[in-house]
Amino acid sequence: MIYKLTFMSEEVDNFKRSFDASPEATFFELHKALLESVGYPDDQMTSFFMCNDRWEKEQEVTLVEMGSSFEYDNMTMESTPLSELMYEPKQRLIYVFDPRFERYFFGSLTAIEEGHVEGVTCVEKKGKAPKQLQTEDAFEMPKAGASDPLFDDDFYGASQYNEEDLDMEGFQDLSFDDGSMF
């Protein structure tokens, strides 16, 4: 059997990577083929997630062994063959290539065909991949002191606060010195 897998990105128009894979190939082999096809270095904690038809994450397949959730088993790329989680056309998965900003490629098992192939081979490259790692600069955080309400000392009414306006009724019995709160 030959698994036909396709990956796309919502960040870049006209981006597509297609692969032929053996069902016995591991997610690690797919990971390596994906990285090679887009020219990314292998220095991030990437993951695959199997998804339902609404792209909601389900089973995770991690690069290295991690703690498992109560709902799903702990699976690693190197020890998990594709056929263990993928067995019918139109199954969805995502490949998280930028874990810090949760950026990923959308993937699908587009077809299962008769034949034989070894490992995972990229059979189609279309378009340029997005930059692998997003930076803080892409989100342009305002600098302290800028005319932004989050950095305005008076935004929360600090200059209008008057300690005498605070009604102390009901607070007289509270003392943090005697440890009675704990």
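Basis for what follows: all heavy atoms, side chains included, without hydrogens, waters or symmetry-related copies.
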Rounded distance (nearest 0.5 Å) linking atom [atom1] of [X] with atom [atom2] of [Y]:
X	Y	atom1	atom2	result
Ser37	Lys126	OG	NZ	15.0 Å
Thr46	Gln132	OG1	CD	9.0 Å
Lys90	Ser108	NZ	OG	8.5 Å
Met77	Glu60	CE	CD	8.5 Å
Leu5	Gln91	CG	CD	10.0 Å
Gln59	Asn52	CD	CG	13.5 Å

Looking at [X], I want to see if its [atom1] is surrounded by more than 12 non-hydrogen atoms of other residues, nucleotides or ligands under 6.0 Å.
X	atom1	result
Glu78	CD	no
Asp13	CG	no
Glu36	CD	no

Which atom names give the shortest non-hydrogen contact between [X] and [Y], and what distance separates them?
X	Y	answer
Val96	Glu102	CG2-OE2, 4.3 Å
Cys51	Lys57	SG-CA, 4.3 Å
Arg17	Cys122	CD-SG, 4.4 Å
Leu93	Met50	CB-SD, 4.1 Å

### Task
Return yes if a side-chain donor-acceptor contact under 3.5 Å exists between Ser9 and Glu11, otherwise no.
no
Just by modelled atom types, is the [Y] backbone N or O under 3.5 Å from a matching donor or acceptor in the [X] side chain?
X	Y	value
Arg92	Phe49	no
Arg103	Lys131	yes
Glu29	Leu82	no
Thr62	Val64	yes
Tyr3	Ala25	no

In this structure, would [X] and [Y] fall into the same cluster of hydrophobic residues linked by side-chain contacts under 4.5 Å?
X	Y	result
Val38	Leu63	yes
Met45	Ile94	no
Met1	Met86	yes
Leu30	Ile2	no
Phe105	Val61	yes

#### Entry: Candidate list Thr6, Thr121, Val123, Leu34, test side chain to side chain contact (heavy atoms under 4.5 Å, CB included), partner Phe19, passing option
Leu34
Sequence neighbours excluded and cut-off under 3.5 Å, please list the side-chain donor-acceptor pairs for residues 110-117, or say none.
residue, atom, partner, partner atom, Å
Thr110, OG1, Lys4, O, 3.0
His116, NE2, Glu118, OE2, 2.7

### Message
Test ring-ring contact (aromatic ring centres under 6.0 Å, His included) on Phe48 and Tyr95; report intermediate values, then the result.
### Response
CA-CA 5 Å; Phe48 285 98; Tyr95 176 71; 4.8 Å; yes
### Query
Hey, is Lys32 close enough to Asp42 for a salt bridge, meaning N to O under 4.0 Å?
yes
### Task
Check the pair Leu133, Arg100 against side-chain contact (heavy atoms from CB on, under 4.5 Å), reporting the backbone distance first and the verdict last.
CA-CA 8 Å; Leu133 300 176; Arg100 183 169 182 210; over 6 Å; no
## Note on the structure
Of Phe106, Tyr40, Phe7, the one forming a ring pair (Phe, Tyr, Trp, His ring centres under 6.0 Å) with Phe97 is Tyr40
